[in-house]
Amino acid sequence: MNLYYIAHVANAVGGLVFTTKPAKSVDSDFSKNFNEVTATNEGIKVVNLIDSNDPLAIVKDEVTKDSDDNIFTLATTAEVLFNNLPYLNGLQNSKIVIHAQLPKDEFSYVSSLKDSGFTILLSNNALEAHDMSIVAYLLATAISRPVLHFFSPSDACTEKNASFLDQYTIRAIIHQVIHYFDTTTCLEETKIKQLIENFKVDVGTDAYNTNNKITAGDVDELIEKSFKTIAAITGNSYKSFEYIGPAYPEDVLVILGNAGWKLSKDAQNFNAGILNIRVYRPFNFENFLKNLPNSVKRLLTIEQSLQINQFQNLLLDILNNFEKLQERNIKQVVASQLGSFTNSAEVVSKLIENSRSSKPVQNLFVDITKVISSAHKLELAYFKILEQVFGSKLNILNKLDSNLKNIGTETNPEFGFGKFLFEKEQREKLIKLIQTSITENEFQSPRAAELVELLSEWVVSSNDKTETVDKADQIIALLKEDESNAASQLLKYEHYFHKNSSWLVGSDSWSYDLGSSGVHHLISSGENVNMIVFDNEPYEVVKKNKSLYRKKDIGLYAMNFGNVYVASVAVYSSYTQVLQAVVEASNFDGPSIILAYLPYESENDDSLKILQETKKSVDAGYWPLYRYNPTYEDNNEEVFKLDSSNIKKELQDFLDKENKLTLLTKKDPLLSRNLTYSLTSDIKTKQKQKAKEAYDSLLEGLTGPPLTIAFASDGGNAESLAKRLGKRGAARGLKTFVLAMDDLTLEDLAIETNLVFITSTAGQGEFPQNGRNLWDAIKNAPDLDLPNLKVAIFGLGDSAYWPRKEDKHYYNKPCKDLSKRLSLLGVQELAPLGLGDDQDADGYQTGYAEWEPKLWEALGVSGAVSVDEPPPITNEDIKIASDYLRGTIVEGLNDQSTGAIAANDQQLTKFHGIYMQDDRDIRDERKSEGLEPAYAFMARLRLPGGAATPQQWLKIDELADTRGNGTMKITTRATFQLHGVVKHDLKAAIRGMNSVLLDTLGACGDVNRNVMVSALPSNAKVHKQIAHTSYVVSEHLLPQTTAYHEIWLEGVDDNDVSPNDPKVWESRKDGPRKKKVLVSGNALVDQEPLYGPTYLPRKFKVVITVPPYNDVDVYAHDVGLIAIVDKDNIVTGYNVTVGGGMGTTHNNKKTYPRTGSLFGFIPYDKVHIACEKIMLVQRDFGDRKNRKHARLKYTIDDMGVDVYKQKVEELMGFKFERPVPFEIDSNIDYFGWIKDESGLNHYTCFIENGRVEDTPELPHKTGLREIAHYLIKVGQGEFRLTGNQHMLISNIADTDLAGVKSLLSKYKLDNTNYSGLRLSSAACVALPTCGLAMAESERYLPVLISKLEESLEEYGLKHDSIVMRMTGCPNGCSRPWLAEVALIGKAPGAYNLMLGGGYYGQRLNKLYRSSIKEDEILDILKPLFKKWSLERQDGEHFGDFLIRTGVIKPTTEGKYFHDDVPEEA
Ligand code: SF4
């Protein structure tokens, strides 16, 4: 009856109807019903297609040909639909309703199509089939997209008094409601009119038909409307999710199937409810939750299927919304499968028992016959899919045992391929035997004629893998009846009659050596064999595991052959795509490779973890989803289909080559963005070649000998030395050419004449990055002979970098190793090895000055007169030439050929708050693949006072997700940083920030930086005053250039979220300046009244604190303002400290950290003037020649504190008053709740090292977003950032306290129960983004602290505060030099240990041990902590204790920082 009513509705709708049937001669139930019903409609046309004849290909052709916007119907079975998966995509934009009949109790077909993009409806009986058919046509007509209607088989219409509609009414609903056709109807006219009005609001307009951007929300809305329409006419009501059961259940069974009604009564006995799914796609999760009673604690997702699947799609639908489940307090989701059953009580009891047990079994399969109580191996998920698609036709070629235990790990593709070839040979023999026996008419049985016909058919179609009706069993049965010799010969090959789909199953271990692994052999064979290769490596593991560099991309490798089908799939990302790929691969005539991703670290990983890992990899482009079918070219179809939005660089290169790029880019703008991000080498290589050609032609006129200079350089010194040497050589008439060492190959060495290497020293005596490949090649070349090559080598190193005797050999190790190795290979020495040492009087220049003349002498050009060399370009040159910070930033942003900007512009963007960085975790990998580094930018906000409104918080949160790397960093200057912003997104990110009145101007660069203040939750009145002062100082010292506005903000931009965005900043009174235009129309030129065109020699930092707190580390900055507060909480003024600063250079004793010197008191209204004048003295007297000596701290020491102060006073025109006494007692944050004097509440959260992100354990980012929404709702509250990288939820009224507390608790932001050490710790960003980092910091300090905490607990120190800080380099961003314990990165895994800093930031620490590793750090610190616990005096802090007990000497002043360092350090 179901079919009858579907035919009834389809007939009423009219148009072209396709039905499928197994064979020409047989009528299917579909065709019978349609023939019967359609007799009443002359306008309808029915086309019968054959199941095995790719019916959807024909449907697709017909539908895409249609230009009249007709509606189509396809009535078929779920199996046929499934076998035709590859054609589904072709129907995407068609107005077609597909009615697919499911096999009894088998709903896995429904979830298989979850990612098809089609709307999916389900019905279980005749009445539902009738009603859902109407809904399907309404939807398909309205959205011009396919709608899939799955229905269960049923023989009889069981509904009594069911209200089926007559055809006129149905036609009226479909046509009148949507198109206002004037059709006779048996409905009252008024009712129809009412319906039309009802629908018109949303779909009566043509908008839905013409607008391609139909969202899931639109479809949901239409479904609701359609259900209402049905209810209005028939009284039958439907919902997308239909709940039946008790009002307050704790368990709910969510069922994809038709068992819900049967189970509901028994479920009630367990106080459990049932949620039936009527609309499976779009899966509206809000709606899903709305239909669940609030009391639910556990969800049981149940897919009805007779086959045991490893993988449950419904579970993933739910887990995809994990956070929302948590919000609803749903603690558990258990997936089960339901096979056939009779005893519903038993089924319900098993399911609920499992769900309520302490360790529920995932993927429990409940069937009348068996219960499978444990999951299969994870990677069998794909195997199950192959089984699902091919059933008994699946032939795993390298299956070693029935349990498949060894699949993909120990078996080799060669093995399976050999088996394939053997089977092929046997099949060919069989074909020959059949041909002979038919020709010679050898069969004897009475059914010989039938047998011959079947055998002939079989031979003809023997290579047709798509044939779905397998005649093998029929043939074998007839052969067994035949007693002829021919029959018995053929039966020997019985196994080969079946048309199998043959697969090799392997692991990514095959990717390591494609040449010898057999993969190459298989790909190049052209044989019709399929291979599925698993990759289980999570993205994070790949990034960390350097040993995987040799792993090759098999997909890319195969695509380059041009005749291989290749797909990259991930079952946890798109199930439908996996199925499509598997079917397409099997149908492809030639080798096929499917790369199947399933990231997990252990077999115990749960679905949520795998889902998240998969998402990360697919979204990041690490694992793009695609399908590549070279035969599509013949049909003018796209050969490459990208099924995810991100793509890897290598793939993009490949597509580029295939000339498909333009098409793809047009189709997918997001792809364009990613391409821009990663597009690198091609254009650059071409440019490089051009430059070399130009240079070569320039050298044509030169007559001297050739000289190639190869450098290996991380920091740039070796490179600039090489370039200078090149210029000097050319000036002497030599044909010089300068390049990075890795741009040379071994083959080049054999043809070079004179070669100079200049290399610096990295890490533990290693070659810098751009020299490692050539060095590895030279080192490992077994039979290289270079007798004609003349070589000179100069190395740069630091003889004091590794102070311990046993490490001394690292000094200049690369150049020494290279020299030794080359002399073994027989090269001639052009000049003796030159060693540059940073410890020499002029640094490495001392050694170089001696070495270079020897080189000229050897080349016979020592007497040549050199032309004047232009002086090197300095930062000062860049600033002055930049036209007030413009440079060529705009051109750089528009240059799509690279993700970087020009080197000079990188200096200038800092003034705009923007740093260019690259992901150093993948630098080596990209380099090894010939790619430029993964460039991205860090954008830092200017946030004077450190406070953000909830709206501003939400915007930064949004930009972090849409433009950055998904996280926000709270910095040590109490502002935000976004990391990972690619060039293409930079402007949009900056505009987004400005749309909420936040800017980045002056957040970095040689100007006044963000003005930071104490968080001071305890005193609102004082905080307001200091926040105001910070604003005044920040605005007063803000650069006046209009370049910022011109580059980032001028005009409108396609990426603006709202057209009103520009209005926000255009009407702003403060912040970045806009260009003023005179009445005459001329623009005023920029001026910098305070800075001048060269700005400051280095950065300038101002902070404000309020005693006794020092959470800003007032002594660490150029200017420290210590607020003096009277008894009425009025800030009368500030004690001013000058000359603090942190940055140093390892082993350079001329650099040191310094604490500020106290100048005196300044009244509050003059403080911005004092800051200005202090800055101006530094502007005029700071060192502009040597940036390492350019900070104010050196100027003040060089000049003398009194002289500096005097100069400031002269400029101010008044003197500093005597400092007002004050007392400071700590520099850490105070966590937890505090009420201020006005009655408002403030909560300081612990955000470890300032990284705001979501992890499965700590969903902080989501939590803070929810709190921001809450604060907006209640209309009060703000976020306050601290200089220790934590954060306050501030200004919370008592009435809102409970709301905020509950959100804090829900998102685990209310935990401050950490050790005193952890709460007092801070780390800078360092790796992977900071280009200066020598070692880990943010990612490592938490780990190290965990290793110390156990001992601290043992010594009773768990709650004692110890200020511990870490940085990845000596620049000191987290102010390590003031910590009681500090670790400063020196090389990967190696740190300098500093001890003895003052607890409240008043005293610098001192080097205790240099270059030590974790075990040494722990061995030193643990006993010291123990000693402190036993011997400390009352209230004595750790740093003070170390000094009192003589462990370390105190650093009394910055300039004595390097004195009294222990000898063994
Ligand atoms: S201290 Fe060094 S490594 Fe750390 S963020 Fe600052 S510059 Fe980078």
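Predicted model only: the values in this text are computed from it and were never measured. Just follow the structure's listing: the first ligand is 1, and inside any ligand the first atom is 1.
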* To do: May I ask you to say whether D999 pairs ionically with R942, meaning some side-chain N is under 4.0 Å from a carboxylate O?
  => yes
* Asked: Given the side-chain rings of F1457 and W1377, with only the six-membered ring counted for Trp, is the space between their centroids under 6.0 Å?
  -> yes
* Asked: Which atoms of the protein, restricted to N, O or S, are nearer than 2.8 Å to atom 8 (Fe) of ligand 1?
  -> C1330 SG
* **Interfacing atoms of ligand 1 (cut-off 4.0 Å, heavy-atom, G1372)** => 1 (S)
* With salt bridge (charged side-chain N to carboxylate O under 4.0 Å, His left out) as the test, would you mind laying out the steps for R1191 and D1183 before giving the verdict? => CA-CA 8 Å; R1191 288 289 303 272; D1183 186 346; over 6 Å; no
* To do: Go through K1347 and E1414 one step at a time and tell me if the salt bridge (charged side-chain N to carboxylate O under 4.0 Å, His left out) criterion holds.
  => CA-CA 10 Å; K1347 293 184 178 171; E1414 183 180 274; 2.8 Å; yes
* Structure fact -> The single option from R1365, K1101, R1403, R973 that satisfies salt bridge (Lys or Arg N to Asp or Glu O under 4.0 Å) with D1113 is R1365
* Is the shortest distance from a Lys or Arg side-chain nitrogen in D1459 or K1406 to a carboxylate oxygen in the other one below 4.0 Å? -> no
